[in-house]
Number of protein chains: 2
Amino acid sequence: MIDTATNQTSRSNVSNVLRQAGLRPTRQRVSLAELLFSKGDRHISAELLHEEAVGADVPVSLATVYNTLHQFTEAGLLREVAIDGTKTYFDTNVSDHHHFFIEGENRVVDIPGDGVGIGEVPEAPEGMEIVRVDVIVRVRQKS
Amino acid sequence: MIDTATNQTSRSNVSNVLRQAGLRPTRQRVSLAELLFSKGDRHISAELLHEEAVGADVPVSLATVYNTLHQFTEAGLLREVAIDGTKTYFDTNVSDHHHFFIEGENRVVDIPGDGVGIGEVPEAPEGMEIVRVDVIVRVRQKS
DNA sequence: ATTTGTGCAAATCGTTTGCATCTGA
DNA sequence: TCAGATGCAAACGATTTGCACAAAT
């Protein structure tokens, strides 16, 4: 895995994506992108991604993780999920979908399939346009 | 307005509500409750309420504002609206409804009437039950 | 060579907490 | 009286920022 040659293909794919997003494919960005996008859909906090990176022999500073997450978000590679309170989650699934938030565990999960549709999207107020509709279904362990 | 006699009625109404909620009607709580509930539906942050109180000759500490907002929330007098990570908003409208979030202005507005219905509420995952469904329609100034 | 990114530590912001002091019943 | 409430300042956790150094084109 650490062998550069065997990683050639995967790394250069990532590199191209970054380049197309106008971001220099630096070591850190490439590694973080691989962590983010090689495991299916994820909802991850900066802190957690940082730990993962460090654990994977990719020592990155937390500041860089934050920078990178925001840059990826601007580039449309990630979506910020504002759920609640303290932590910010980044969603690797950029398509139109909604979320369960598991209270107590503080976990975010995609709502599968087309589980929800908003019946009628309301009119935006005077002179406003809708940017996005977020639906968060808060769930808890059944008692 | 500062005359105690003329405020008798309004203040004692608030007092009773607080008492019924199991909260001592202290000076600060009564005053904050009046600020909160005498102007129709509001979406207010702790900081803003604090400024308002101080401006209205009700010097309260910020810590007490936080305490009070949380106590009111537990008592069902307020609802916490999680929009955006950083700030927490408290909604004086406790009934079932959803919100516009005005980006750029960072303002929260109730969605009027029955503007939205969630088409189909999705099944909660295995062993989970739905606590609440939040719909946030993010809007911005039309360009 | 120039531009852009990175790491560190300090700074910031909203919120919470510990504790001594006050207050309402 | 005395449990419960308040105020202050210090503590906190997540995120951001400033700046010297390093890496990418």
Side-chain angles (χ1 to χ4, degrees), chain A residues 4 11-12 14-33 35 43-54 57-75 77-78 80-90 106 108, chain B residues 4 11-12 14-33 35 43-54 57-75 77-78 80-90 106 108:
Chain A
T4 339
R11 291 187 80 82
S12 50
V14 171
S15 292
N16 290 334
V17 172
L18 293 182
R19 248 186 274 274
Q20 279 160 37
L23 297 169
R24 276 197 199 166
T26 63
R27 260 193 268 310
Q28 298 70 340
R29 295 215 267 236
V30 171
S31 299
L32 291 176
L35 286 173
H43 304 83
I44 197 169
S45 67
E47 198 124 7
L48 192 58
L49 180 58
H50 180 237
E51 282 170 25
E52 239 181 60
V54 172
D57 283 309
V58 185
V60 200
S61 77
L62 186 53
T64 295
V65 171
Y66 275 106
N67 286 339
T68 304
L69 287 172
H70 286 137
Q71 290 154 354
F72 284 11
T73 301
E74 272 172 48
L77 302 174
L78 292 175
E80 230 175 302
V81 186
I83 292 285
D84 190 22
T86 47
K87 266 180 182 132
T88 304
Y89 293 86
F90 293 85
N106 276 32
V108 181
Chain B
T4 342
R11 292 189 79 82
S12 50
V14 171
S15 292
N16 290 334
V17 173
L18 293 182
R19 248 186 275 273
Q20 279 161 36
L23 297 169
R24 274 200 203 166
T26 64
R27 257 193 272 308
Q28 298 70 341
R29 295 214 267 236
V30 172
S31 299
L32 291 176
L35 286 173
H43 304 83
I44 198 170
S45 67
E47 198 125 5
L48 192 57
L49 180 58
H50 180 238
E51 282 171 26
E52 240 182 59
V54 171
D57 283 308
V58 185
V60 200
S61 77
L62 186 54
T64 296
V65 171
Y66 274 106
N67 286 340
T68 303
L69 287 172
H70 286 138
Q71 290 153 354
F72 284 11
T73 301
E74 272 172 47
L77 303 174
L78 291 175
E80 233 175 297
V81 186
I83 291 284
D84 184 77
T86 50
K87 262 181 185 135
T88 306
Y89 293 86
F90 294 84
N106 276 33
V108 180

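Chain A is the first sequence line, chain B the second, and so forth, proteins listed ahead of strands; every chain is numbered from 1. Here the structure is a predicted model, which means the values were calculated and not measured.
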Atom CZ of A/Arg19 and atom C1' of C/dT4 are separated, to the nearest Å, by 14 Å
In whole angstrom, what separates B/Leu69's CG from C/dG14's C1'? 13 Å
On a heavy-atom basis, the closest approach of A/Tyr89 and A/Asn106 is OH-O, 2.9 Å
So what does B/His50 hit on the nucleic acid, given a heavy-atom distance under 4.0 Å: a base, only sugar-phosphate, or nothing? nothing
Could you pick out which residue, B/Asn67 or A/Val65, lies toward the 5' side of DNA chain C when each is mapped onto its nearest nucleotide? A/Val65
Please tell me which of B/Lys87 and B/Arg24 maps to the more 5' nucleotide of DNA chain C, matching each residue to the nucleotide holding its nearest heavy atom. B/Lys87
Could you tell me which non-hydrogen atom of B/Leu62 sits nearest to which non-hydrogen atom of B/Ala46, and how far apart they are? CD1-O, 4.2 Å
Closest to side chain of B/Tyr66, choosing from C/dT23, C/dG14, C/dT6: C/dG14
Give me the atom names and distance for the closest heavy-atom approach of A/His50 to A/Val60. NE2-O, 2.7 Å
When rounded to whole Å, the CD to C1' distance for the pair B/Gln28 and C/dG24 reads 11 Å
Integer-rounded Å distance: C/dT15 C1' and B/His70 NE2: 8 Å
Measure CZ/B/Phe90 against P/C/dG14 and give the value in whole Å, please. 14 Å
For B/Leu18 against B/Pro25, the heavy-atom pair lying closest together: CD1-CA, 3.9 Å
Once you apply a heavy-atom cut-off of 4.0 Å, does A/Thr88 come out as touching a base, just sugar-phosphate, or nothing? sugar-phosphate
For residues B/Phe72 and B/Arg29, report the shortest heavy-atom separation together with the two atoms involved. CZ-O, 3.8 Å
Among the nucleotides C/dT23, C/dT15, C/dG7, which one has an atom lying closest to any side-chain atom of A/Ser61? C/dG7
d(CG, A/Leu62; P, C/dA10) in whole Å: 15 Å
Closest of C/dG5, C/dT16, C/dC8 to the A/Ala63 side chain is C/dC8
On the nucleotide C/dT15, are OP1 or OP2 found under 4.0 Å from the side-chain N or O atoms that A/Thr86 carries? no
Earliest and latest nucleotide of DNA chain D, 5' to 3', sitting under 4.0 Å from a non-hydrogen atom of chain A? D/dA14 to D/dT25
